[in-house]
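Not measured: the values here are computed from a predicted model.
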Amino acid sequence: MGMKYQGINLGNVKISNRSSILRLLNNNGAMSRKDISEAVGLTAASVTLITTELLEEGVIVELGEAEEEKRAGRKKILVDINHAYKNVLCIAIESDETFISVTNLGGTVKCHYSLFTDKDIEPEDFLQKITSKCKRILKENDIEMGTILGASVTVPGKVDRARGISLNTYNIWTREVRIADIISGELGLKVIVENNLKAYAQSEIYFGRGKLESEMLLLKWGPGVGAAIVSGQHIYRGANDMAAEIGHMTSGENRMCNCGRKGCLEAYVSTNAIVDDVLASIDKMPSLKKWVEAGNIVGSKNIQEWISIDDASLKAIIKEKVNRLAHNVRNAISLIDPNRVVLIGYMFDIPGVYDSFIEAYKQFDDRISDDFFVKSELSEGINHTEGLAVVLEELFF
């Protein structure tokens, strides 16, 4: 027996059309209904119907007549996303610090707060501490819960997004944690849990290079090393949601990694690994040793302070780390063939490190264009807002 024809689900089509219009406005800014119709391939009547509904809901606003159209005849009235329509609560749990912020739909931060990521208490207790801080922040800034579209929690490691569970954050928690249930139960909000690198990538899609590029690799070098693949302006996740785990590619040796395996790239080039290797050889670094004896500390959080101290052995260690990362990135690029590689993370913000990385990469491939690697324009403050894109993808677009 043949499959029974089910017909077209008009509700889904309408949702898809709304999404197409909102994404177009996000990428292009204010547009007229006529230009929207031409861009998304819908009839003028369909666009008028959808935009009228969006205007009534407060999702978009009219901005007036287009400048170039101020002449006789039918006027082009511009419409755009109403970024004040709702707010988003963003919670970014990182290895050393946790960030809480509230933004509008355009990414403007209304308020923010940070606290120490306490790994010595049960994760459920720490999440309770986070929700208490969230309630206080909202109250102090007169932000009503009804204005919140949703909340995001971004964490390192593997997550089950569908169930809102952190499966293993490696160096924070090593067991499953039902993040969404706990925070949603306390705040009464829809909560989406996402891997931090995939959230960074989603931010690039909506607010950064992803508006222009369809095929990208996002590479982060901070406390650890991570990556995300963007294909067709969507994040490629792989069969087990573990695609682009560049930090856990084998680097050819047997140093133990936080993930429990040996030889991972992150075990050699994370900031903690850099600190360990530098301290192990500090007797060969007279300038750095003198700096330490003066009361300074060689640590991962202040790496920018001491990384450029003029010691040959120190420079050799940093060069080896940069070369090792460049080698692994070259292998990854050979597999996925992106248009662009977007670099993010505070290691790339340290003077000289970005240029050293590009130089090291060109040892393996000197045919790349000058703009093949670009630094993310979203680097500054991204820890506060990357979850915004996660909520937008799930609940708005």
Side-chain angles (χ1 to χ4, degrees), residues 94-95 154-159 167-171 194-205 208-210 213 215-231 234-274 300 318 320-349 353-354 356-358 360-365 368 372-376 378-379 382 386:
E94 298 288 347
S95 177
T154 57
V155 294
K158 188 174 181 180
V159 305
L167 299 175
N168 190 337
T169 58
Y170 301 138
N171 61 347
E194 181 61 285
N195 166 268
N196 58 355
L197 258 299
K198 291 183 173 62
Y200 286 130
Q202 197 69 57
S203 292
E204 286 291 339
I205 291 172
R209 298 287 305 201
E213 305 288 350
E215 309 294 324
M216 299 189 303
L217 175 69
L218 185 83
L219 175 67
K220 182 189 178 188
W221 190 14
V225 180
I229 299 169
V230 175
S231 181
H234 293 281
I235 298 171
Y236 176 71
R237 296 179 177 273
N240 299 297
D241 206 27
M242 293 292 285
E245 284 282 356
I246 191 172
H248 300 286
M249 292 173 59
T250 302
S251 193
E253 298 173 49
N254 293 315
R255 187 178 289 190
M256 183 62 70
C257 181
N258 284 325
C259 72
R261 293 170 290 188
K262 292 183 177 180
C264 294
L265 173 65
E266 189 166 299
Y268 293 90
V269 303
S270 70
T271 52
N272 284 334
I274 294 172
S300 58
I318 302 305
E320 188 276 329
K321 304 301 182 185
V322 170
N323 287 344
R324 188 185 290 266
L325 177 62
H327 180 266
N328 279 265
V329 171
R330 173 70 180 103
N331 290 338
I333 287 172
S334 296
L335 287 174
I336 65 176
D337 189 27
N339 290 331
R340 201 80 61 227
V341 179
V342 180
L343 305 178
I344 196 167
Y346 64 74
M347 284 300 294
F348 289 119
D349 292 331
V353 172
Y354 172 82
S356 296
F357 172 78
I358 302 302
Y361 184 88
K362 286 184 176 180
Q363 295 178 22
F364 305 110
D365 182 5
I368 61 169
F372 182 67
F373 289 99
V374 294
K375 288 180 68 176
S376 174
L378 305 179
S379 292
I382 190 98
E386 73 267 22

S.K.: Who are the side chain to side chain donor-acceptor pair (under 3.5 Å) partners of Arg237, not counting sequence neighbours?
M.R.: Glu194, Asp241
S.K.: Do you know the tightest heavy-atom contact between Gln202 and Ile235?
M.R.: OE1-CD1, 3.3 Å
S.K.: Can you sort out the partners of Asn196 under side chain to side chain donor-acceptor pair (under 3.5 Å), two or more places apart, ordered by chain and number?
M.R.: Glu94
S.K.: Distance check, rounded to the nearest 0.5 Å: Leu217 atom CG versus Asp337 atom CG?
M.R.: 11.0 Å
S.K.: Quick check against the 3.5 Å criterion: does Trp221 have a side-chain atom that pairs as donor or acceptor with the backbone of Val269?
M.R.: yes
S.K.: Got a sec, which residues hit ring-ring contact (aromatic ring centres under 6.0 Å, His included) with Phe357, two or more places apart in sequence or on another chain?
M.R.: Phe348, Phe373
S.K.: Please list, chain by chain and in numerical order, all residues satisfying side chain to side chain donor-acceptor pair (under 3.5 Å) with Lys198, sequence neighbours excluded.
M.R.: none
S.K.: Under the rule for side chain to side chain donor-acceptor pair (under 3.5 Å), what residues qualify as partners of Thr250, not counting sequence neighbours?
M.R.: none
S.K.: For Glu245, which residues count as a side chain to side chain contact (heavy atoms under 4.5 Å, CB included) partner, sequence neighbours excluded?
M.R.: Met242, His248
S.K.: Once side chain to side chain contact (heavy atoms under 4.5 Å, CB included) is applied, do any residues pair with Glu320, and if so which ones, sequence neighbours excluded?
M.R.: Arg324
S.K.: Please name all residues satisfying side chain to side chain contact (heavy atoms under 4.5 Å, CB included) with Met256, sequence neighbours left out, ordered by chain then number.
M.R.: Lys262
S.K.: ring-ring contact (aromatic ring centres under 6.0 Å, His included) with Phe372: which residues, sequence neighbours excluded?
M.R.: none
S.K.: Which residue in the set Ile205, Leu343, Val342, Val230 passes side chain to side chain contact (heavy atoms under 4.5 Å, CB included) when paired with Leu218?
M.R.: Val342
S.K.: Measure from the side-chain N and O atoms of Asn195 to the backbone N and O of Pro156, and report whether any donor-acceptor pair falls under 3.5 Å.
M.R.: no
S.K.: If the condition is side chain to side chain contact (heavy atoms under 4.5 Å, CB included), which residues does Asn331 pass it with, not counting sequence neighbours?
M.R.: Met249, His327
S.K.: According to ring-ring contact (aromatic ring centres under 6.0 Å, His included), who are the partners of His234, at least two apart in sequence or on a separate chain?
M.R.: none
S.K.: Please identify each residue that fulfils ring-ring contact (aromatic ring centres under 6.0 Å, His included) with Tyr354, with sequence neighbours left out.
M.R.: none
S.K.: Compare every heavy atom of Thr271 with every heavy atom of Gly222, then report the nearest pair and how far apart it is.
M.R.: O-CG2, 3.1 Å
S.K.: Evaluate the side-chain proximity of Pro338 to Ile333: yes if any heavy-atom separation is below 4.5 Å, no if none is.
M.R.: yes
